[in-house]
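This is the structure I want to talk about, given as structure tokens.
As a basis for the values below, the full set of heavy atoms in this structure was taken, side chains included, without hydrogen atoms, waters or symmetry mates. Convention: sequence-line order gives letters A, B, ...; per-chain numbering from 1. No experiment lies behind these values; they were computed from the predicted model shown.
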Amino acid sequence: MNRLGRAFYERPVLEVAPDLLGCVLRHGDSAGVIVETEAYHESEPACHAFVGLTERTRVLFGPPARAYVYRSYGIHALVNAVCGPEGEGAAVLIRALEPLEGVEAMRSRRGVPRDVDLCSGPGKLTQALGIGLEHNEIDLLDGPLRIEPRPDDWRDVRWVTGPRIGITKAADLPWRFAAVGAPSVSRPWPPGLAARAARA
DNA sequence: CATGGGATTGACT
DNA sequence: GTCAATCCCATGC
């Protein structure tokens, strides 16, 4: 089967983030199409790697294509794909999926019935797929947790950009990327984005 | 060693 | 719209 290679992730994070839209995040028998991402880079203060190399950020500065999973607000696990060459701290946060396979297992883990509520947020999708902190630093190329290339239906996905969600630092950077027309986007788009999406 | 702040979610007014 | 839950980790004393 066709797969993404290390080189795919070893590029600037602002190229990888939109290219991941339409790709499939899979854990075990559950999988979903990535429809929303955000880019983070050590050069801006919203990125965890901004503080430099620490025990927590070590994975961000490591080889590309590994998972960076961390706990947010003491409650949720959020999953990122490490990007850029080794030594550069950058990653793409996976913010939302369209459920694709193993939907019953997702419903069971999430405890909600509607498909649109299963993976429409970064904390929701990790719960739906059973992703936890134990997956931090594992390789995303062909392990149990992996990202696969775009299915045929998503080969030419359209996307829009906008400001990142839920951050207080560098909130002006338009480093959020969302697939046009995907129901499972985590938050409504700002008016400007919605207008661009309608025209797209 | 104590403290403060989150890349969020779900429940409630 | 507001707000609490809950814990890891970076920072500062």
Side-chain angles (χ1 to χ4, degrees), chain A residues 9 12-14 16-18 20-21 25 32 34-62 64 66-84 88-99 106-138 140 145 147 159-179 182-191 193:
Chain A
Y9 298 92
V13 67
L14 289 177
V16 180
L20 279 174
L21 297 173
L25 178 66
I34 299 170
V35 294
E36 185 181 349
T37 60
E38 283 178 0
Y40 288 88
H41 188 265
E42 57 171 301
S43 62
E44 44 90 17
C47 182
H48 292 169
F50 183 72
V51 299
L53 187 59
T54 66
E55 181 60 27
R56 181 199 204 185
T57 63
R58 180 165 44 94
V59 58
L60 288 170
F61 289 94
R66 301 232 268 235
Y68 168 48
V69 185
Y70 73 99
R71 188 171 298 291
S72 173
Y73 291 92
I75 302 174
H76 307 286
L78 271 56
V79 62
N80 299 248
V82 174
C83 294
E88 183 175 314
V92 174
L93 169 68
I94 311 297
R95 282 195 61 89
L97 310 174
E98 291 298 334
M106 292 189 194
R107 274 197 272 268
S108 165
R109 281 186 287 253
R110 287 277 298 130
V112 296
R114 295 166 54 212
D115 283 6
V116 75
D117 294 323
L118 294 178
C119 301
S120 54
K124 297 179 188 177
L125 71 91
T126 54
Q127 185 184 24
L129 295 197
I131 298 170
L133 299 191
E134 68 273 20
H135 296 103
N136 190 35
E137 294 191 277
I138 70 168
L140 291 170
L145 177 64
I147 299 178
W159 49 268
V160 291
T161 67
R164 292 175 293 183
I165 303 294
I167 57 171
T168 56
K169 294 170 259 188
D172 53 317
L173 295 176
W175 285 11
R176 179 191 183 205
F177 303 85
S184 293
V185 167
S186 67
R187 305 271 278 274
W189 298 336
L193 263 186

Practice task
Using atom CG of A/Leu60 as one end and atom P of B/dA7 as the other, report the distance to the nearest whole Å.
Solution key: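 For the pair A/Leu60 CG and B/dA7 P, the rounded distance is 13 Å.
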Practice task
Establish, with yes or no, whether the OP1 or OP2 oxygen of B/dG6 is under 4.0 angstrom from a side-chain nitrogen or oxygen of A/Arg164.
Solution key: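 No, A/Arg164 has no side-chain N/O under 4.0 Å of OP1/OP2 on B/dG6.
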Practice task
Would you please name every residue forming a side chain to side chain contact (heavy atoms under 4.5 Å, CB included) with A/Glu42, sequence neighbours left out?
Solution key: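 Scan of A/Glu42 (side chain to side chain contact (heavy atoms under 4.5 Å, CB included), adjacent residues dropped) gives A/Ala49, A/Phe61, A/Glu88.
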Exercise for the section: Could you please name the option among B/dT9, C/dA10, B/dA7 that lies closest to any side-chain atom of A/Lys124? Expected result: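 Taking heavy atoms from C-beta onward, the closest nucleotide is B/dT9.
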Problem - Length of the line joining A/Leu173:CG and B/dA7:C1', which is rounded to integer Å - result: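 Roughly 13 Å, once rounded to whole Å.
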Handout entry: Ring centres under 6.0 angstrom apart (A/Tyr40, A/His48)
Key =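 A/Tyr40 vs A/His48: aromatic centres not under 6.0 Å.
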Practice task
Rounded to the nearest angstrom, tell me the gap between atom OH in A/Tyr68 and atom P in B/dG6.
Solution key: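 Value for this atom pair: 14 Å.
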Name the pairs: protein N/O against N/O of nucleotides 5-8 of chain C, kept only if under 3.5 Å.
{"residue": "C/dT6", "atom": "O2", "partner": "A/Tyr73", "partner atom": "O", "Å": "2.3"}

Exercise for the section: Using atom types as modelled and distance alone, determine if a side-chain donor or acceptor of A/Thr57 lies under 3.5 Å from a backbone N or O of A/Leu60. Expected result: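 No: the side chain of A/Thr57 does not pair with the backbone of A/Leu60.
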Problem - Out of B/dT9, C/dA10, B/dA7, whichever nucleotide has its closest atom nearest the side chain of A/His48 - result: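 The listed nucleotide nearest to A/His48's side chain is B/dA7.
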Problem - Under 3.5 Å on both distances, the Watson-Crick or G-U partner of C/dG1 - result: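 Its partner is B/dC12 (Watson-Crick or G-U wobble, both distances under 3.5 Å).
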Problem - Pair A/Glu38 + A/Arg95: basic N to acidic O under 4.0 Å - result: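 A salt bridge links A/Glu38 with A/Arg95.
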Exercise for the section: Say whether A/Gln127 and A/Arg110, considering side chains only, have a donor N or O and an acceptor N or O under 3.5 Å apart. Expected result: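 Side-chain D/A pair, A/Gln127 to A/Arg110: present.
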Problem - Cationic N near anionic O, under 4.0 Å, A/Glu137 to A/Arg58 - result: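 Between A/Arg58 and A/Glu137 there is a salt bridge, with a charged N closer than 4.0 Å to a carboxylate O.
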Handout entry: Assigned partner base of B/dA7, Watson-Crick or wobble definition, under 3.5 Å
Key =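 Partner of B/dA7: none.
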Problem - Interatomic distance, A/Glu36 CD vs B/dT8 P [rounded to whole Å] - result: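 Taking atom P of B/dT8 as the reference, CD of A/Glu36 is at 10 Å.
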Practice task
Starting from the 5' end of DNA chain B, give me the residue, A/Pro122 or A/Lys169, whose nearest nucleotide shows up first.
Solution key: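 In this pair, the answer is A/Lys169.
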Exercise for the section: To the nearest Å, give me how far apart CG (A/Leu78) and P (B/dT9) are. Expected result: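 Value for this atom pair: 7 Å.
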Problem - Between P of B/dA7 and CZ of A/Phe177, the distance in whole Å - result: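 Result: 18 Å.
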Practice task
Give a yes or no on whether the backbone of A/Ala170 and the side-chain of A/Arg164 come within a donor-acceptor separation of less than 3.5 Å.
Solution key: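 Flag set: sc A/Arg164 to bb A/Ala170 pair under 3.5 Å.
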Handout entry: Value in whole Å for how far the C1' atom of B/dA11 lies from CG of A/Asp117
Key =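 Result: 14 Å.
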Practice task
For A/Leu93 and B/dA7, give me the distance from atom CG to atom C1', rounded to whole Å.
Solution key: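 So the two atoms are 5 Å apart, to the nearest Å.
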